[in-house]
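Nothing fancy with the numbering, it's 1 onward along the sequence. Values in this document were obtained by computation on a predicted structure and should not be read as measured data. Basis for what follows: all heavy atoms, side chains included, without hydrogens, waters or symmetry-related copies.
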Amino acid sequence: MEQSILGESSYLNGENIKRLLEERKLFIRPLLEMSQIGGVGIDFRLGYDFLVSVQGRYAFINTSMNNDAGGENERNIHHFFQATRRQIGETFILHPHQTVLATSLEYVKLPKDCILKLNMRSSYARLGITVSTIAQPGYCGCLSLELTNTNNNPINLTVGSRIIQGLIYKMSNTTEYFDVPRKYVCHVRPEPSAIALDKDLKYLNELWKIDNNISDS
């Protein structure tokens with residue numbers, strides 16, 4: 001399964017990761033402790049900023065352009081998240097079945113031939129917290145973390161704690177991250193979904209209009 005997602009690739013061990021850092025091909029700041037680099041990956045810390053999912057004034061989160069006047073779906077999504085910030089050492093409560101957008105404390109710039117896959121550290125995954133994120137070759141910015149508490153109990157997280165483990169894969173070729181338009185570029189704070197920018201939604205909306213004899217005039 002890993003092969004089908006990532007193509008030809010291989011894990012980098014701790015020594016390989018340290019070598020990339022020394023050669024300045026991989027950039028991670030701040031790397032507070034070298035012990036964050038383990039045998040097969042690197043631990044990342046929970047950052048300061050959060051976008052908390054809340055009940056908006058709309059009945060649902062709109063990811064469709066059907067009946068959307070002037071990009072209302074994009075504004076709609078923002079109404080379902082509220083920004084909040086904590087300091088290092090402060091705590092943040094992740095409520096049951098709640099999704100929170102966060103970032104890593106560390107700013108990362110990946111080599112053009114490396115991909116980074118993030119998973120919860122086992123100690124947090126056992127509490128019922130899930131995350132699934134991939135940073136593509138050449139990515140720069142803080143790492144986006146979509147945290148969901150699948151537990152029936154609130155979980156208190158400490159800002160600055162090592163909650164994520166990243167596995168770095170060496171690819172068989174290089175890619176240019178900025179050669180194609182990107183929705184999420186060099187962010188240092190969490191960003192809500194930019195699903196409204198997906199081009200296929202415009203195409204599907206046109207089909208919907210044709211099927212329903214709807215005119216733009």
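A distance of 6.5 Å separates CD1 of I168 from CD1 of I42, quoted to the nearest 0.5 Å. To the nearest 0.5 Å, the span separating CG on N16 from CG on L26 amounts to 11.5 Å. Going from atom CG of D49 over to atom SG of C142 covers 8.5 Å, rounded to the nearest 0.5 Å. Expressed to the nearest 0.5 Å, how far CG of L118 lies from CD1 of I134 amounts to 9.0 Å. Rounding to the nearest 0.5 Å places OG1 of T150 at 9.5 Å from CG of L94. With rounding to the nearest 0.5 Å, the separation of CG in N156 from NE2 in H95 is 9.5 Å.
Taken together through direct or relayed side-chain contacts under 4.5 Å among Ile, Leu, Val, Met, Phe, Trp and Tyr, F27 and M171 form parts of separate hydrophobic clusters. Linking ILVMFWY residues whenever their side-chain heavy atoms come closer than 4.5 Å, directly or via other members, leaves Y107 and L21 in distinct clusters. Under the 4.5 Å side-chain contact rule for hydrophobic residues, F80 and I195 share a cluster. Each of V188 and I88 belongs to its own hydrophobic cluster when Ile, Leu, Val, Met, Phe, Trp and Tyr are linked at side-chain heavy-atom distances under 4.5 angstrom. Residues M65 and L207 fall into different hydrophobic clusters, defined by Ile, Leu, Val, Met, Phe, Trp and Tyr side chains chained together at heavy-atom separations under 4.5 Å.
In this structure, the side chains of I164 and M120 come closer than 4.5 Å at one or more pairs of heavy atoms. Looking only at side-chain heavy atoms (C-beta outward), N152 and H97 come within less than 4.5 Å of each other. A heavy-atom distance below 4.5 Å is not found between the side chains of L110 and P137. Contact check for I163 versus R121: no side-chain heavy atoms found under the 4.5 Å cut-off. Annotation: side chain of R45 is in contact with side chain of L32 (closest heavy-atom distance under 4.5 Å). Considering only heavy atoms from C-beta on, Y124 comes within 4.5 Å of L157 through its side chain. The closest side-chain heavy-atom distance from Q98 to V52 is below 4.5 Å. Using a 4.5 Å heavy-atom cutoff, the side chains of L147 and L46 are in contact.
The ring pair (Phe, Tyr, Trp, His ring centres under 6.0 Å) search around Y48 returns none, not counting sequence neighbours. Applying the ring pair (Phe, Tyr, Trp, His ring centres under 6.0 Å) test to F44 and every residue at least two apart in sequence or in another chain returns nothing.
Within the 3.5 Å criterion, the main-chain N or O of E15 finds a donor-acceptor partner in the side chain of N13. A donor-acceptor pair under 3.5 Å links the side-chain atoms of Q36 to the main chain of E33, judged by distance alone. At distances below 3.5 Å, at least one donor-acceptor pair connects side-chain atoms of S53 with backbone N or O atoms of T99. Of the possible donor and acceptor atoms, one in the side chain of N151 sits under 3.5 Å from a partner among the backbone N and O of L127.
When all heavy atoms of P192 and L101 are compared, the pair lying nearest together is CA-CD1, 3.7 Å. Here the closest non-hydrogen pair linking Y139 and G141 is CE2-O, 3.5 Å. When all heavy atoms of P30 and L105 are compared, the closest pair comes out as CD-O, 3.8 Å. The shortest non-hydrogen separation linking C114 to L20 is SG-CD1, 4.2 Å. What you find for I93 and P154 is that their closest heavy atoms are CG2-CB, 3.8 Å. Closest approach of K170 and D113 over heavy atoms only: NZ-OD2, 2.6 Å.
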Query raised in the report: Taking it one step at a time, do D198 and T63 satisfy side-chain contact (heavy atoms from CB on, under 4.5 Å)?
Result: CA-CA 10 Å; D198 280 11; T63 65; over 6 Å; no
Requested in this report: Starting from the C-alpha separation in whole Å, work towards a yes-or-no answer on side chain to side chain donor-acceptor pair (under 3.5 Å) for T148 and E146.
Outcome: CA-CA 7 Å; T148 300; E146 300 87 18; over 6 Å; no
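Note on ring orientation: taking the six-membered ring where Trp is involved, the planes of F92 and F50 are parallel (angle under 30°, cut-offs 30° and 60°).
Residue-environment remark: NZ (K18) exceeds the threshold of 12 foreign heavy atoms within 6.0 Å. No more than 12 heavy atoms of other residues, nucleotides or ligands shown are found within 6.0 angstrom of NZ on K25. By the 6.0 Å contact criterion, CD on Q82 is open, its count of non-hydrogen atoms from other residues, nucleotides or ligands being 12 or less.
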